[in-house]
Amino acid sequence: CRRDQVVITIVPLEKARGVMPARFHQLSGLRDEEFCLQIDSHSAFEDDWDIIALEDWYLTENEMAVLTTYPNRAGDRHKQDLSPARCSTSFSGGKQVIHGGNSAH
């Protein structure tokens with residue numbers, strides 16, 4: 001990647017306020033990017049993850065598609081059959097997202 005496309009924000013531990021303020025800070029910095037990748041500090045990547053992500057995005061045939069995941073624990077990251085799944089996501093009339101139970105495949 002080109003370094004001018006990457007923004008890194010370092011927050012000292014004593015000023016950190018948790019994941020939700022961090023995600024808000026990241027989203028508030030978006031401009032007209034075509035893509036945005038948001039990860040947690042403990043995320044690990046498989047080989048060719050970027051190619052796989054783009055292939056999945058192309059398969060949606062929707063340029064506004066959002067790809068998301070719920071990663072395994074660090075020790076189980078290569079065990080695809082343990083990947084937790086969010087089931088039965090729906091929307092209420094009041095723009096509320098409702099998630100059903102979690103499961104492991």
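Atom CG of D47 sits in a sparse spot, with 12 or fewer heavy atoms from other residues, nucleotides or ligands closer than 6.0 Å. More than 12 non-hydrogen atoms from other residues, nucleotides or ligands lie less than 6.0 angstrom from CD of Q38.
Closest of all the heavy-atom pairs between T60 and A65 is OG1-CB, 3.4 Å. Shortest non-hydrogen contact noted between L30 and C36 is CD2-SG, 3.8 Å. Heavy atoms only, all atoms of each residue included: A53 and L67 are closest at O-CD1, 3.4 Å.
The distance from the CD1 atom of I51 to the CG atom of D56 is 12.0 Å, given to the nearest 0.5 Å. Expressed to the nearest 0.5 Å, how far CE of M64 lies from CH2 of W57 amounts to 10.0 Å.
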(request) Begin with the C-alpha distance, continue with both residues' side-chain angles, and end with the deciding distance and a verdict on side chain to side chain contact (heavy atoms under 4.5 Å, CB included) for L54 and W49. (result) CA-CA 9 Å; L54 283 173; W49 68 268; over 6 Å; no
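Annotation: salt bridge (charged side-chain N to carboxylate O under 4.0 Å, His left out) contacts involving residues 21-36, sequence neighbours excluded, comprise R23-D40, R31-E33.
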